[in-house]
Amino acid sequence: MRSLDDLLAEGVSGRRVLVRADLNVPLDKTTRAITDDGRIRASLPTLQALREAGARVVVAAHLGRPKGAPDPQYSLAPVAARLGELLGTEVPLAADVAGEDAQAKAGQLGDGDVVLLENVRFEAAETSKDDAERGGLADRFAALADTFVDDAFGAVHRKHASVYDVALRLPHVAGRLVATELDVLTRLTRDPERPYVVVLGGSKVSDKLAVIEALLPKVDRLLVGGGMCFTFLAAQGHGVGKSLLEADQVETCRRLLAEAGDRIVLPLDVVCAPEFSADVETTTVPVESIPDDQMGLDVGPRTVEAFGRELGGARTVFWNGPMGVFELAPFQAGTRGVAGAVAAVDGLSVVGGGDSAAAVRQLGLDEAAYGHISTGGGASLEYLEGRELPGLAVLAD
Ligand code: ADP
Ligand code: MG
């Protein structure tokens, strides 16, 4: 896989370079303001290096999940503004993805200038399962530049036009962020220092069962919290009230628990509330007695203590998925506690996942205390599962 330095060594002054970046930041539902700009900041090293080398930079990115057509709610306009502030230069936003305006704006770039294309998912072809359809869009991306840099680590598990197909059409290299992420994930997979502890949380157990399956033989402990713990608790025979439950996964969780022995560690207590709200009365109960009319929205203090003990002796830690609904103040303590314990690890600590990384920053924790904060949730998990990621495979050729 060629690196950005290989490209810079060739000289890029005056050349048009298409950079696929991961600028998929969370926005406030009502004001559309960016609530966490971590991914934009993570894309700066590659963009700055290209600008300083005199490249004419065309940036492609997605935001959220629009339905394959322009939708102002998902416009990259706030991202273009923030990117411009951080780069210290005007970043115009093309009115389309790879149409007339994109062509015109890319054509007008001077050396060191940057233009952002509109949300690539405004084109249905971006995520199409049909190779020819994606190829048509990729041809238009390729016409905007003569070199491709993939720096969108959070999207490398997607076989999308701006990630995969465009790399088949242009000389390509991996950006700095992709290189850093790969380096850390390699350290997690090749002979990690032990004890190796993985902490999983977040909302969807079905998304993460494959990674649990793949990691179980490799880890010393797997701590499970967040919304996904309730399917495991149900598999142990506990009532989980109105908590998040994926009934069709209970059987799989039961088998995993049987296989894992004491390596899977589940919560001891949970913080419950009758509804999903910031101003409800909460009760903390042992997992054996979750009331029928309540939902578990965070792990309790005894759990934080128990998870902390496991993390205390660990030499390698990977954490993905918040322990509770950290977006609401009454359900932050679990995530805060585990985040603190992960930060204190004496060894390699890696935080993966968009929401987990956002939680670290929103809760005001010191980012520097972690070995690495990954921008990619799904991508990191699929890598750790040992799956081939299309966006990386295509860069390797
Ligand atoms: P990441 O982006 O870090 O991979 P996920 O997307 O899997 O994490 O999950 C994040 C979401 O999980 C958060 O929005 C959080 O509110 C939610 N969550 C955590 N615990 C619970 C819970 N007990 N019930 C419902 N949702 C939860
Ligand atoms: Mg998420």
Side-chain angles (χ1 to χ4, degrees), residues 1-13 15-25 37-63 76 79-80 82-84 86-87 89 91 106 109 112-117 120 138 141-142 144-186 350 352 354 357 372-380 382-383 389-397:
M1 189 180 292
R2 296 181 73 232
S3 70
L4 190 74
D5 288 323
D6 295 331
L7 176 64
L8 295 174
E10 279 174 19
V12 289
S13 182
R15 270 166 72 178
R16 274 193 290 164
V17 178
L18 176 68
V19 179
R20 176 59 162 98
D22 178 7
L23 307 177
N24 187 27
V25 290
D37 66 1
R39 280 182 165 158
I40 305 180
R41 285 186 287 119
S43 72
L44 297 177
T46 292
L47 298 177
Q48 286 289 31
L50 286 167
R51 290 188 63 214
E52 281 160 22
R56 304 174 174 199
V57 185
V58 180
V59 182
H62 76 279
L63 181 67
L76 279 168
V79 172
R82 184 73 186 126
L83 181 60
L86 291 168
L87 286 172
T89 184
V91 175
L109 291 172
D113 285 352
V114 182
V115 63
L116 178 62
L117 305 178
V120 293
F141 282 130
L144 296 172
D146 44 47
T147 305
F148 177 60
V149 176
D150 187 5
D151 208 25
F153 179 73
V156 291
H157 58 317
R158 306 288 188 201
K159 196 174 182 180
H160 290 173
S162 69
V163 175
Y164 176 79
D165 305 84
V166 69
L168 301 173
R169 290 163 168 79
L170 288 175
H172 45 260
V173 307
R176 295 233 200 278
L177 177 63
V178 164
T180 306
E181 297 270 12
L182 272 181
D183 183 52
V184 172
L185 288 174
T186 310
V350 180
H372 180 66
I373 299 185
S374 173
T375 52
S380 321
E382 288 195 19
Y383 186 95
L389 309 185
L392 293 179
V394 76
L395 291 181
D397 290 334

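Predicted, not measured: the structure shown is a model, and the values here were computed from it.
Salt bridge present: D5 and R176 bring a charged side-chain N and a carboxylate O closer than 4.0 Å.
Nearest approach of A42 to P45, heavy atoms of both residues: O-CD, 3.5 Å. In terms of heavy-atom proximity, D37 sits nearest to V25 at CA-CG1, 4.2 Å. R20 and S162 get closest at one heavy-atom pair: NE-OG, 2.7 Å. Contact detail for V12 and A53: the closest heavy-atom pair is CG2-CB, 3.5 Å. Between V120 and A60, the closest heavy-atom pair is CG1-CB, 4.0 Å. When all heavy atoms are compared, the tightest approach of S374 to G352 is CB-CA, 3.9 Å.
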Output, in order, the C-alpha distance, side-chain angles, deciding distance and verdict of side-chain hydrogen bond (donor to acceptor under 3.5 Å, both in side chains) for S380 and E181. CA-CA 8 Å; S380 321; E181 297 270 12; 5.1 Å; no
Applying side chain to side chain contact (heavy atoms under 4.5 Å, CB included) to L47 and L83, what does each step give before you reach the verdict? CA-CA 10 Å; L47 298 177; L83 181 60; 3.9 Å; yes
May I have the step-by-step check of side chain to side chain contact (heavy atoms under 4.5 Å, CB included) for E10 and R15, ending in yes or no? CA-CA 11 Å; E10 279 174 19; R15 270 166 72 178; 3.3 Å; yes
Start with the C-alpha distance between L7 and L50, add both sets of side-chain angles, then the distance that settles side chain to side chain contact (heavy atoms under 4.5 Å, CB included), and finish with yes or no. CA-CA 9 Å; L7 176 64; L50 286 167; 4.3 Å; yes
Yes or no on side chain to side chain contact (heavy atoms under 4.5 Å, CB included) for L23 and R82, after CA distance, side-chain angles and deciding distance? CA-CA 10 Å; L23 307 177; R82 184 73 186 126; over 6 Å; no
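Formation of a donor-acceptor pair under 3.5 Å by the H172 side chain with backbone atoms of V394 is found in this model. Of the possible donor and acceptor atoms, none in the side chain of R16 sits under 3.5 Å from a partner among the backbone N and O of A145. Listed for the R51 side chain is no donor-acceptor partner under 3.5 Å among the backbone atoms of V57. For the pair E382 (side chain) and L389 (backbone), a donor-acceptor distance under 3.5 Å is absent. The main-chain N or O of L109 is found under 3.5 Å from a side-chain atom of R56 such that the two form a donor-acceptor pair.
To the nearest 0.5 Å, atoms CG (D151) and OG1 (T46) are separated by 3.5 Å. Here the CZ atom belonging to R39 is positioned 10.5 Å from the CZ atom belonging to F153, to the nearest 0.5 angstrom. The OG1 atom of T186 sits 3.5 Å away from the OH atom of Y383 when rounded to the nearest 0.5 Å. With rounding to the nearest 0.5 angstrom, the CD1 atom of I40 is 10.0 Å from the CG atom of N24. Atoms CG and CZ, on L395 and F148 in that order, are 7.0 Å from each other to the nearest 0.5 Å. Distance CG/L177 to CZ/R41: 12.5 Å, rounded to 0.5 Å.
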